[in-house]
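Beneath this line is the structure, given in structure tokens, with notes to follow.
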Amino acid sequence: MFVPQYCPRCGHALGDAVKFGKTRRVCTNCEFIFFANPKAAAAVWIEHDGQILLVKRGMEPERGKWALPAGFIDFGEDPQEAAIRETLEETGLAITISHLVDVMFDGTTIVIIYAAHMVGGTLTAMDDVDDACWFNAATLPSPAELAFKSTQALVYEWLNHTKP
Ligand SMILES: [Zn+2]
């Protein structure tokens, strides 16, 4: 977690103080309180002809493993728009969101997972992914090759035909 040393409002050094039930970074000069909030990401479950789309991560964490197309939501950005944007950036595919699959928490990040339909584009690995492929039940990467508990959980549920 990011721990600021100086006040972003007035530049004074921050100290620790209990505010609203927790120890937080507080400015003794202007009374600014730093609230550490979780990050939020959007991920996309795209199924087509009995296959699901996974991308091979080109960056840490979990570099080299397969995950759903996903990325952090920008400040002020609608999570659905983030899902559409990240899918286009990483895979070249245009999608429309169909429904919310799940919301998961990995300890630092809240991940909002949407189901989506492909509506255009050509599958091309781009941006921070090294590969992008369609997988069916027989060709799926092994559990050890899947990044993040959220990906593993959704893939297992899909294999058991309960979700998404
Ligand atoms: Zn201050």
For [X] and [Y], indicate whether the former's side chain and the latter's backbone hold a donor-acceptor pair under 3.5 Å.
X: Thr91; Y: Ala125; result: no
X: Thr139; Y: Phe135; result: no
X: Glu62; Y: Phe148; result: yes
X: Asp78; Y: Gln80; result: yes
X: Glu86; Y: Ala83; result: no
X: Thr151; Y: Lys149; result: no
X: Glu90; Y: Ala70; result: yes
X: Thr109; Y: Val111; result: no

Residues, nucleotides or ligands: over 12 heavy atoms within 6.0 Å of Glu31 CD: no
Ignoring hydrogens, what is the shortest heavy-atom contact between [X] and [Y]? Give both atom names and the distance.
X: Leu88; Y: Ala94; answer: CD1-N, 4.4 Å
X: Glu77; Y: Ala82; answer: OE1-CB, 3.3 Å
X: Arg25; Y: Pro4; answer: NE-O, 3.1 Å
X: Pro143; Y: Tyr156; answer: CB-OH, 2.8 Å
X: Leu100; Y: Ile113; answer: CD1-O, 3.6 Å
X: Pro79; Y: Tyr114; answer: CB-OH, 3.3 Å

Do the non-hydrogen side-chain atoms of [X] and [Y] ever get within less than 4.5 Å of each other?
X: Pro69; Y: Leu53; value: yes
X: Val3; Y: Gln5; value: yes
X: Val101; Y: Leu154; value: yes
X: His12; Y: Tyr6; value: no
X: Trp45; Y: Leu68; value: yes
X: Arg24; Y: Phe20; value: yes
X: Val103; Y: Ile110; value: yes
X: Asn136; Y: Ile52; value: no

Parallel, tilted or perpendicular: rings of Phe34 and Phe2 (30°, 60°): perpendicular
Ion pair present between [X] and [Y], side-chain N to carboxylate O less than 4.0 angstrom?
X: Glu89; Y: Arg85; answer: yes
X: Arg63; Y: Glu60; answer: no
X: Arg57; Y: Asp128; answer: no

